[in-house]
Trainee: 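Structure in structure tokens, see below.
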Amino acid sequence: MASSPFSPRLDIRRFYEGFAAPVTELDCGQKCAPYNASGKPFCCDICHAVPVAFRQEWDYLRPRTDLWHAWRGDECACEPVDPLTLQEQTPEHLTLLACLGPEHCQREFRASSCREFPFFPYITADDRFIGLAYEWEFEEKCWVISNLGCVTSAYRAEFIRTYDVLFEKWPDEYESYYATSEEMRAFFAEKRRRIPILHRNGGFYLLSPGSERLTRVDPSAYRRFGVYKEEFTTETRRTRRREI
């Protein structure tokens with residue numbers, strides 16, 4: 001893929017300090033890890049999700065921590081995608097990394113993709129960054145996606161502030177997420193589903209992918225997926241029995 005024509009110099013230390021809040025108050029990795037054969041949270045398992053970082057991040061991380069190494073594409077019995085294809089699809093200003101695993105995590109040195117996961121900045125067809133949408137291919141794996149109401153306001157605020165600053169400095173990154181948002185609209189339109197949005201105004205919404213009309217909702221109304229749907233149903237029954 002062609003390299004970006006413009007790559008502003010980023011202050012990675014400041015970037016990390018301003019984007020450090022946990023996604024939820026609890027350790028969400030403990031919620032999904034039991035459902036992964038490796039026993040790791042899905043987001044921390046390179047056999048399910050390959051981390052990506054700005055090359056500037058890699059330059060910052062390399063002399064400061066042994067947490068990361070360059071992704072080789074041969075560390076899993078079954079790679080999540082074809083290594084050659086993934087390398088070819090990775091823009092020149094980004095690099096693929098692998099870590100030592102969650103048991104060795106150094107939170108202050110988490111890459112930007114770790115801090116962002118499972119979200120990305122949602123940009124409307126008429127060019128507005130309105131809030132957070134999630135990586136829909138992880139619906140069945142990520143506990144957070146089935147429990148969006150647990151996302152902290154501090155995390156949401158830091159996410160939005162971080163990307164407001166990044167987009168102002170780096171228009172190409174804005175265009176990249178614009179394309180991802182467009183892809184999400186097409187996918188959800190085909191499935192006849194509305195898109196959950198954690199809005200920058202603090203509210204929870206469902207967005208119609210065709211008209212992009214927003215409907216404010218209680219986060220408990222959001223769809224749950226896979227084993228997390230079953231977990232919610234079981235816990236609801238237990239709660240009702242206790243109330244009776």
Trainee: Within the distance-only criterion (no hydrogens, no angle test), does the side chain of Arg223 pair as donor or acceptor with the backbone N or O of Ser146 below 3.5 angstrom?
Mentor: no
Trainee: What's the spacing between Leu132 CG and Ile160 CD1 if we round to 0.5 Å?
Mentor: 5.5 Å
Trainee: Is NZ or CZ of Arg13 both nearer than 6.0 Å to the six-membered ring centre of Phe15 and within 45° of the ring axis?
Mentor: no
Trainee: With a 3.5 Å distance limit and no angle check, can you tell me whether Thr65 reaches the backbone of Leu61 through a side-chain donor-acceptor pair?
Mentor: no
Trainee: Can the ring centroids of Tyr122 and Phe129 be said to lie less than 6.0 angstrom from one another?
Mentor: no
Trainee: Sequence neighbours left out, what passes side chain to side chain donor-acceptor pair (under 3.5 Å) with Glu135? Give chain and number order.
Mentor: none
Trainee: Are any side-chain N or O atoms of Asn147 and backbone N or O atoms of Trp143, one a donor and one an acceptor, separated by less than 3.5 Å?
Mentor: yes
Trainee: Do any N or O atoms from the side chain of Ser113 and from the backbone of Pro51 form a donor-acceptor pair under 3.5 angstrom?
Mentor: no
Trainee: Could you list all the salt bridge (Lys or Arg N to Asp or Glu O under 4.0 Å) pairs where at least one residue sits in residues 138-150, not counting sequence neighbours?
Mentor: Glu139-Arg193
Trainee: Are the aromatic ring centres of Tyr134 and Phe138 under 6.0 angstrom apart?
Mentor: no
Trainee: Can you tell if the side chain of Asp66 reaches within under 4.5 Å of the side chain of Leu100, non-hydrogen atoms only?
Mentor: yes
Trainee: Just verifying a value: how many Å separate Glu17 CD and Phe19 CZ, rounded to the nearest 0.5 Å?
Mentor: 14.5 Å
Trainee: Pairs in or reaching into residues 198-220: which pass salt bridge (Lys or Arg N to Asp or Glu O under 4.0 Å), with residues at least two apart or in two chains?
Mentor: Asp164-Arg200, Arg185-Glu212
Trainee: Ring centroid separation for Phe54 and Trp170, is it under 6.0 angstrom?
Mentor: yes
Trainee: Between the main-chain N or O of Asp11 and the side-chain N or O of Gln56, is there a donor-acceptor pair closer than 3.5 Å?
Mentor: no
Trainee: Atom OG1 of Thr90 and atom CG of Leu96: how far apart are they, to the nearest 0.5 Å?
Mentor: 4.0 Å
Trainee: Does the gap between the ring centers of Tyr16 and Phe109 come in under 6.0 Å?
Mentor: no
Trainee: Tell me yes or no: SG of Cys142 and SG of Cys32, less than 2.5 Å apart?
Mentor: no
Trainee: Could you check if a side-chain atom of Tyr222 sits within less than 4.5 angstrom of a side-chain atom of Val217, using non-hydrogen atoms only?
Mentor: yes
Trainee: Does Arg156 qualify as a cation-pi partner of Tyr163, given the criterion of NZ or CZ under 6.0 Å from the six-membered ring centre and within 45 degrees of its axis?
Mentor: no
Trainee: Would you check if the side chain of Arg192 reaches a backbone N or O of Phe188 as a donor-acceptor pair within less than 3.5 Å?
Mentor: no
Trainee: I'd like to know if the side chain of Ser112 pairs up with that of Glu57 as donor and acceptor (distance under 3.5 Å, no hydrogens or angles considered).
Mentor: yes
Trainee: Side chains of His93 and Glu173 only: does a donor on one sit below 3.5 Å from an acceptor on the other?
Mentor: yes
Trainee: Taking the side chain as every heavy atom from C-beta outward, state whether Leu206 and Ile195 have any pair of such atoms under 4.5 Å apart.
Mentor: no
Trainee: If you measure from CG on Leu207 to CD1 on Ile130, what distance do you get to the nearest 0.5 Å?
Mentor: 5.5 Å
Trainee: Judged by modelled atom types alone, do Tyr174 and Asp127 share a side-chain donor-acceptor pair under 3.5 Å?
Mentor: yes
Trainee: Atom CG of Leu67 and atom CZ of Arg110: how far apart are they, to the nearest 0.5 Å?
Mentor: 10.5 Å
